[in-house]
Every structure is written in structure tokens, then in C-alpha cells.
Amino acid sequence: MKTPANYNFQLTEKKWQQRWKSAAGLGKTKERSGGREKCYVLEMFMYPSGRVHMGHIRNFMIGDVIARFKRAKGFDVLHPVGWDAFGLPAENAALANAVHPKDWTYGNIDSMRKQLELFGFSYDWEREFATCDQDYYAVQQKIFLDMYKKGLVYRKESMVNWDPVDNCVLANEQVIDGRGWRSGAPIESRQLSQWFFKITAYTDELFQDLKLLQEWPEKVRTMQERWIGYSRGLMLDFAVKDKKGRELQDLSIYSTRPETIFGASFVAISAQHPLAQKLAKTAPAIAKFVYMCSKSSVSTGDMDKMEKLGVDTETLAYSPLLDGKGLPVYIANFVLQTYGTGAIFGAPAHDMRDWDFAKKYNLPIKDVIRPTNSESVRGGDAPYLGDGVMVDSGFLDGKTTQEAKDYIIEYCEKIGVGKASKFCRLRDWGISRQRYWGCPIPMIHCERCGVVPVTEEDLPVTLPIDVTFDKPGNPLDRHSTWRKTKCPKCGAQAHREADTMDTFVDSSWYFIRFCQDKESDLSVFNKEQIGRWLPVDYYIGGIEHAILHLLYARFFTKALRDCGYVDLDEPFKALFTQGMVCHKAYRHVDGHWLSPEETEIKNGKVVCKADNTVVKVGRSEKMSKSKKNVISPDEMVRIYGADSVRMFVLSDSPVDRDIEWSDEGITGCWRFINRFWRLVVMFSEKYADVIAAAPGTTLKLDRIDSQTSESFKQALRSIAQVGELYEKFQFNRAIAAIHDAVNVMYDLLDCADVYDEEFRGLLLLTNIVMAPITPHFSEEVNQKLGNTKTVQEIDWPDFTVYKLQKETAIIAVQVNGKLRAKLSVSAGASQQDVENMIKNLDVVKKCLSNCCAKKVVFVSDKIINFVV
RNA sequence: GCCCGUGUGGUGGAAUGGUAGACACUACAGACUUAAAAUCUGUUGUUGGCAACGACGUGGGGGUUCGAGUCCCUCCACGGGCACCA
């Protein structure tokens, strides 16, 4: 038979995309009667940078397969798409190219939407929106005011993380290794008035509810747990006196290891501590040290390499617990003002940092814990950090560390020198950004009344369009008219808050907005629609959002619940984090990256075309412009078609791992699609009469019985697994199972014992389980095979109706666990039957010649193992 | 330093404690072709052997088990996250 022509993806993909569009049915959210279950599938929405990259495609593919699969399973599915559209790059583009951020953003959205449409994702485009749409940020301003009324928003003068490149404040979460998460510039400290969300009001709940998120990766839960940094300990009171015994001030110290107090040999406070500031005024040496610390705190970074330094304040700290013994007070560079009370007591024998400090300044090291399984206290030149039994600690002697801890907290509370306390690392969320392209903060500054919220009738506070970017800084600040307004309280001349909100606010509730359809009043929360869809059943995105976005969104959900907007505690039921799409990267000897076009292969070596130097072919790296290893999705669609690209990003690697983009991989998918296509063409030509005689037949395979070949059943077994594999996000295995089925069908095509209609059924079933991955192709195949329903209209097949049990099993014959032979038996054969069958096998005879087996292990249809 | 993850052929990767290497890629061979591409059919963990058939083999070492890639202990390498958090 002549080899059929290649599958024409150009025509086919266009054809089906047009049909889906005109039928307006592909991704449209259906709410059908009959109490169907809902399924909300959401991929983390994207920033409109201008280009869709392969990482997006992989992310969206996971969601698209799940959404299509769940629809076929009979769920009502919500699968929306939108744009996280405020943010700095729009302003940078405005500066660089003299284009308005609004035009830049909406222009990018248009071109990215076109790119996405090439892939045929089953989104409900009717619900699409961008966070910079006025009707979206208007609601956000209302939420802000409601949270303000609830006491969840406040304004405070505080030290902030200032990014000198972006000219902007960053949240703690956005500072990575002392550098801005976006600009990479070293962060400075500045004193500024800022708006804060009181996320710490929800510390307990955010921490406790992590336990509810069993369908989140454990890794993400642990990261959040550590970020919140919950700890329990004792707040202990000290009195600080100078050398002459004059009382200077009281000092509170927080410790999670209060049981080591009798091993304390010094107290250390941070350079920003009020006591340090006070002492610096009169003592030049202290002032100098404090100044030095303030300098170095600006550029954090290699904390671990920083030597522990301190200065003796010549004062002593007294606790009633310590029998009138004063501990020398140091100002030390390793004590953080932002954690606890900014003061510690040092127990060098049982803490690494205290140990280093004591060694440096020759302070006593007193052991108070004897390791549990040891006769004596710590030996050697290191602190003992584990648990044990208290020694040399007065009334704590003989208690275990845990007992001692509980006891001393209780004791201190009783005698009134301390109390049980808890602390967390989590700080309130500073959301003021000195930028133009964001949601305006709806507040007004009045000289007489102070800060006054905008009244609801005056919402939204719209972003003015007539702004200039000719100077650095926030254009809202210098706008000639926009800032001027009347005080809602007294009517006097006042001015608007010029800061805008952190864009992470925008992405903290977008998944709620998607729940409302186009017809609903978008200026209010429609509780019925929101209640119908939330929580998100499958949330899919990158691990890089493990803390920032996911923590903020969880907080927002709880805050909105308390404002009466929603009725749920956690927004995302299951979270799935996918790996990156990587690609080979080429590096020149001098270190700069080369694109593949700048290289060639000479004598089996990759060399740089320009200067013939040997190029280092590095390990596969995440695709990025700077590494010049980006593969453009539309280019790939042009060459191989959308379905091949769709298939490739899910094949090969499990989706939670990185995948390497390769030419072989994508051509492999393209070839497989053609291979399946040829099968369909050959069948439909050979059995044209079958198709013509029974168009629109259902998928039912009537004649699966004992006469059906094992191969045929094997193919059915393979595709029967595919749904379960989708459910488990094991798309690579699902694709392997589909390969299996197609390979078997090739073997079957020429067999005489294949019933024609049965074979068509098998083709159709394989096609249908593959359809979530290759929707255009599958519609075409389905049509070619004469099915009158479209794939979209077909329910997921029920494979349990087929009798697919194997009739024979291959049993492994083992001696002492070593494989000696394989034996085909009828399925379910008993141990006796199997033993009878094999006792004459040479291998078995040889092994059993001199003695009987001590023991025979038999696992039905699997193994028989003789132990001799 | 702490926490988490990963380690299986030339490559990506399969494998409820039960026949390791499914599926795919690469490579090689054969068929088709004037030829090439494409396609189809084989072979492809290492190693000994003409063969039948053996030996070895899931980062290293040890253990539990009739049986370990899988469970336990320990070490190593790589990747990621957090990091002076009292």
C-alpha cells in the first residue's frame, strides 16, 4: 500500500479553531442542571510581557488536559484566563520607548492572546480580564476600604526596603539575598510612611490551616511554615544597671530555650535597640560601633561569612533568677532588631552563635545540659545543641530539657519575672509602591482631618492617563490636577494618596473574580456564583510562587471571608507545581552566551562561527533571553503544528520535573501524530464501506470475548489506563500508553481475525483518550472515522464494561529469589498446578536434585520461588 | 549550617516489596527507492560464549526479607529552598 500523505495540521488546526470559535462552545463554562459536580481548573495567570514562552505553554497544557478530561467525565468545568497587567515593566517600557504603559500593556495582551489562540486552549474567553481594567481595580479599592474598616489596613512610618534601581519599596518577601527580586539591586533601608495589610492578624490561622492543604506539595507547605516562622518561648525581664549600680532601664528578652538561662554568660542587644541608641549618645566607642552596624546592614548578603562582632557597653543586666549576678551587656552585630525584642541572652555552651561570640570575647562557657546518653557534659570544642538532662541549674537540675523548659516558663510567670510568649517571623505586608502603573490607594490626606478614606460613592479612584515619564519617580506625585481633591470629611482642600498598591494585591483575589460570569454585576461580589466555583480544585503554576503569591492569596481569602465577601477558608484545594522548560545553552570561552546560529560544528566540536573558538555546551538551562536559548512557541507551531507542541511539553518528563526541549523530541511527537494518522487513513480506505454503512456508530465494542485476540485486549488495557494517569498528572505515562495502543494497532491492521467494526472502535477510543492532548488532530480523526458526534460531545469512555482480564499469565520461576525460567500458565493457576508443570524443568530439577525445597513462595500469576 | 528533593542503559524516563530498563529518543542493520528523505521491519544495559546458556547490573557501603530500584541505617554527588530567627 502506498504510504499516505502527511497529516495536514495547517488546514486542520485552523478549521477546528474556527469551528470552536463560531460554536462559542469550546471552553465556555457550563452550569448544567442535574447536580453535576464542578471543577475549577486554574493556571497562575500571566504577566503580559509581550511574548508567550514555552514555560507558559507547559503550564497551560497541564490545565487544559485536566479541564478537557474533566468535561468529558461530566463535570461542569471553569477554566478561565486573564492578565496580571499592572506592574513596573510597563513603566520601564514607557521610559524606553515613549509609549504609554496602558497602550503597551493592552497591546501586549492582544498579541499574546493571538499566540495563545494558536494552541486551541479550552479557555472560557468570555471571562477574560486584566487587572488594569478599571472595573477590576475599582472593586479592589472597595476591598481595601472594607479591610480598612475592619482594621486590617493601617499606615505606619517604618524602615522599608528601598530598591534604588526601581525607585520603589519592596515587601520583605520581595527581597532575596539582600537584593530586589526584580532589579537585583542591593536594597537600602529608608524611613517612609507606608500602607500595610495586617497579615499578622492571621498568623495562627495561616499556620494552622496549612494542615488542611493535604493536596499541596509538602515542600510548599514547609516553605510557608518556615516563612511564617512560628515559635514559642519565654519573655524574660531584666534590669540594666551601670557599673555603679544605677538603674538605666528594663530589658525584655525573648528566648525559645529559656531552660539554658543558668548557662548564660552575657546579654547582647542589636545596634538599633533603643538602649543601644541611648548609650551611643554618651559613649563614642558605642556610637562608632552602632554606626558601623548601620552601614553594613544596608548591604546584607554574605551573613554567614560575617564575623561576629560586639562592643561591651560597660553595663550589667540583672534577672531575679540569677541571684544578683549581673550579665555583661554587649551590642552585637548578629542580633536582629526585627526578631523578638532585639535582645538575647547568650548561653555559649548550647548555641553556635553564642559560642562564637564567647570565644571571641573570652566570655565564660558554662555547661548546663548533659546529653541524654552520656555520663558527662559536652566534651570537645563545640557547643552541645541537642536535648539532655539539666545540670548546674539550681532547681532545674535533673529535669529533661523539655521538662525544664515548661517548668521555668511556668515558674517565671508565677513569680512575675516573665511570661510565656510566641513569636513569628512573618511581618505585616507593606503594599505602598511609589509607582504609576498600579491600583491607586483610595485615601485622601487632609491637613485638618489627617488620612481620610475615599467615600464609596467617589470610587473608583481612576488612574489618570495624562502622565509624563520624563523624570524619575512617580508621575502621580507631580501630576498637576489629579492629586488635588476635597476632604470627604471637612470639604477642605486636600490631596490624594499618590502611591499605588503592590501588584501582588491584584493577584490575591483574581481567582474569585473569575467565578462571576459576564452577565453578573461585576461591581459587587456575587456570592452565589462564587460559592458555586470556589475553591479552585486544581491550581497549577511555578514553584517560584510558593511563598509570595500563595501566602498573600491565602491571607486575602481569609480577610475577604471576614469582610463577608466569601465563605471559605482556603482558596486552593490542590496545588500543582510544574518544572521548567530548559534548553541547551552555548557559552563562549569568554563567558558570554551564544545563540545556536552563532555556532557550528567543525571536526565534531562545537565552535563559534565568529572566531573559531571551541564553545562550551553547558547543561540545559531554563530558557531565557540572556542565555540565548529561547525556543519560540509560535515558530514551533508553524513548523510542527500546535498538537505536536502540546504533546511534546507533556511527554518524556514527569511534569513536576524540568523538561529539556529538543529537536528530536518535538519531531518525535510530530512523527507519532503522523503515524497515528496513517493508521486512520489506511483503515478508512480499506474499510470505506464499513464507515459508509454505519456512520455515527457509538463506541461500543460488542465482541470482546474469549475469541478476541490478546493483542487487541492489550491495546484496550493500555488506553483504559490513560484517564487514571491524567488524574494523577502522569502525562508522560499517559502518552506512553497511547503509543502502546498505536503500536499494537499497527500489528493488528493486517490480521485476519480483526473485526472491522471492532477495530474502528479501538481507533476511536484511542483517539478519544488522546484528545485532551491533541484536540485538533483528534477531531479530524474522529470525523474521518465517520463519527457524527464531535469529540467534545463524547463522554469519557467507560472501560470497565470490557472484560480485559488476561487469560494467561507469565510466571517467573525463581530459585532463592533468582530468576531461572519463565512459564506461561492459565491465569489464576494454583500453586499445585504450577508446581506440577515445572517439576520436570531442567533448571528446577538441577536446583532441587539433592534436597527438597525448604520453602516455596507462590504469588498467583506472578512468581514461584523455591528456597533451598 | 538547617530543611527538602534527586541519583536507573548512549539520552529522557517506566516499574502497588515479586520477571529492572515500559514508552520514546539516538545509533546500527534490513526492506522500499535510480538515489536521498520519509516510511515500514528488526537489533540496541555491560560482559563471556559459535551457540545453548551464564555472570554482572538501579550513586557507594551495610542491614531487614524467600525476594530490595522500592523499606531501614550510613556515606557520597548533584539540584532547590531557607539562613546570625534567639
Side-chain angles (χ1 to χ4, degrees), chain A residues 1-6 176-177 217-223 225-227 229-231 233-234 253-258 260 268 270 300 302-308 332-336 338-347 351-354 356-357 385 423-425 543-544 546-547 619-620 648 651-654 656-660 662-669 671-672 674-675 678 718 730 732-740 742-743 746 810-823 842-843 853-868:
Chain A
M1 194 186 292
K2 198 170 141 272
T3 304
N6 270 353
I176 294 146
D177 288 338
E218 194 188 326
K219 180 180 174 140
V220 175
R221 283 187 313 215
T222 312
M223 280 164 78
E225 223 171 271
R226 289 174 68 116
W227 189 265
Y230 208 75
S231 77
L234 172 70
I253 289 179
Y254 174 71
S255 173
T256 55
R257 301 207 56 191
T260 61
S270 85
T300 43
D302 17 26
M303 285 282 212
D304 53 338
K305 285 177 218 133
M306 205 156 91
E307 195 186 2
K308 296 202 174 18
N333 65 349
F334 70 94
V335 181
L336 302 173
T338 49
Y339 191 84
T341 60
I344 61 153
F345 69 74
D351 181 281
M352 196 63 223
R353 293 151 303 169
D354 298 349
D356 289 343
F357 195 74
L385 306 174
F423 256 100
C424 63
R425 228 178 67 105
I543 187 92
E544 67 273 19
I547 293 173
R619 69 177 188 120
S620 191
F648 178 56
S651 64
D652 277 359
S653 289
D656 53 347
R657 272 193 230 174
D658 291 351
I659 186 173
E660 162 140 10
S662 69
D663 290 345
E664 293 81 13
I666 180 68
T667 49
C669 291
R671 284 204 303 247
F672 172 72
N674 276 298
R675 186 167 147 85
R678 282 190 297 274
S718 290
Q730 297 187 340
N732 58 326
R733 286 186 60 199
I735 290 168
I738 294 165
H739 273 122
D740 263 334
V742 170
N743 289 344
Y746 261 86
I810 301 200
I811 281 198
V813 180
Q814 297 181 341
V815 177
N816 287 337
K818 277 198 174 262
L819 182 69
R820 291 297 166 202
K822 290 178 188 181
L823 185 72
D842 284 350
V843 273
K854 274 186 220 148
K855 190 173 161 188
V856 181
V857 180
F858 177 74
V859 180
S860 180
D861 292 350
K862 286 261 167 72
I863 57 147
I864 183 157
N865 185 16
F866 296 93
V867 186
V868 293

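All chains are named by letter (A, B, ...) in the order of the sequence lines, taking the proteins before the strands, and each is independently numbered beginning at 1.
Heavy-atom nearest nucleotides on RNA chain B were determined for A:K818 and for A:G665, and the one closer to the 5' end corresponds to A:G665. Comparing A:C424 and A:R657 by the nucleotide of RNA chain B that holds the closest heavy atom to each, the one mapping nearer the 5' end is A:R657.
One atom, CD of A:E544, and another, C1' of B:G80, lie 12 Å apart when rounded to the nearest Å. Rounded to whole Å, atom C1' of B:G1 lies 12 Å from atom CG of A:D351. Going from atom CG of A:L234 over to atom C1' of B:A86 covers 12 Å, rounded to whole Å. Atom CZ of A:F672 and atom C1' of B:U39 are 16 Å apart (whole Å). At whole-Å resolution of the value, CE in A:M223 and C1' in B:G81 are 5 Å apart. In this structure, the OH atom of A:Y339 is 18 Å from the P atom of B:C82, given to the nearest Å. Rounded to an integer number of Å, the gap from A:I666 CD1 to B:G12 C1' is 15 Å. Between the CZ atom of A:F334 and the C1' atom of B:C84 there is a distance of 7 Å, given to the nearest Å.
Of all nucleotides present, none satisfies the Watson-Crick or G-U wobble test against B:C50 with each distance under 3.5 Å. The pairing partner recorded for B:C25 is B:G10, the criterion being a Watson-Crick or G-U wobble arrangement whose two distances lie under 3.5 angstrom. Pairing partner, B:A37: none, since no Watson-Crick or wobble contact has both distances short of 3.5 Å. For B:C82, the paired base is B:G1 (Watson-Crick or G-U wobble, both distances below 3.5 Å).
Looking only at side-chain heavy atoms (C-beta outward), A:I864 and A:V857 stay at 4.5 Å or farther from each other. Between A:F672 and A:H739, the closest side-chain pair of non-hydrogen atoms falls below 4.5 Å. Counting heavy atoms from C-beta outward, A:R257 and A:L234 have side chains that stay 4.5 Å or more apart. With contacts defined as side-chain heavy-atom distances shorter than 4.5 Å, the pair A:D354/A:I344 qualifies. In this structure, the side chains of A:R678 and A:Y746 come closer than 4.5 Å at one or more pairs of heavy atoms. Between A:Y339 and A:S231 there is a side-chain heavy-atom pair separated by less than 4.5 Å.
Rounded to whole Å, the C1' atom of B:A14 lies 15 Å from the corresponding atom of B:C25. Nucleotides B:G49 and B:U16 place their P atoms 37 Å apart, quoted to the nearest Å. Only the C1' atoms considered, B:G57 is 8 Å distant from B:G45, to the nearest whole Å. A distance of about 13 Å separates the C1' atoms of B:G69 and B:G18, rounded to the whole Å. When the P atom is compared between B:G12 and B:G63, the two are found 32 Å apart, to the nearest whole Å. A gap of 27 Å separates the C1' atoms of B:U19 and B:U26, to the nearest Å. For the C1' atoms, the distance from B:U6 to B:G13 is 13 Å, rounded to whole Å. Atom name C1', nucleotides B:A22 and B:U74: the rounded distance is 33 Å, in whole Å.
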Produce the list of close N/O pairs, under 3.5 Å, pairing protein atoms with atoms of nucleotides 15-23 of chain B; give distances to one decimal.
unit_1, atom_1, unit_2, atom_2, d
B:A15, OP1, A:R733, NE, 3.4
B:A15, OP1, A:R733, NH1, 2.7
B:U16, O4, A:K862, NZ, 3.3
B:U19, O2, A:K822, NZ, 2.8
B:U19, O4, A:I810, O, 2.9
B:C23, O2', A:H739, ND1, 3.1

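Considering only the side chain of A:R678, B:U39 comes nearest among B:G80, B:U26, B:U39. For A:R425, taking side-chain heavy atoms from C-beta onward, the closest of the listed nucleotides B:C3, B:C82, B:C4 is B:C82. Here the nucleotide nearest the side chain of A:K219, chosen from B:C3, B:A14, B:G80, is B:G80. Picking from B:C56, B:U6, B:A83 the nucleotide with the shortest atom distance to the side chain of A:W227 gives B:A83. Closest approach to the A:R226 side chain among B:G13, B:C2, B:C56 is made by B:C2 (side chain taken as heavy atoms from C-beta onward).
Glycosidic conformation of B:G79: anti, with the torsion beyond 90° of 0.
Taking side-chain N and O atoms only, A:S653 has a distance below 4.0 Å to OP1 or OP2 of B:G13. Contact annotation: A:R671 reaches the phosphate of B:U26 (side-chain N/O to OP1 or OP2, under 4.0 Å).
A donor-acceptor pair under 3.5 Å is absent between the side-chain atoms of A:R820 and the main chain of A:Q814, judged by distance alone. A distance-only check finds a donor-acceptor pair linking the side chain of A:N865 to the backbone of A:N816 [under 3.5 Å].
Interatomic distance, NZ of A:K308 versus CZ of A:F334, reported as 6.5 Å (0.5 Å rounding). Atom CG of A:D652 and atom CD1 of A:I659 lie 5.5 Å apart (nearest 0.5 Å).
Side-chain atoms of A:K308 come within donor-acceptor range of the base of B:C84, with a qualifying N/O pair under 3.5 Å.
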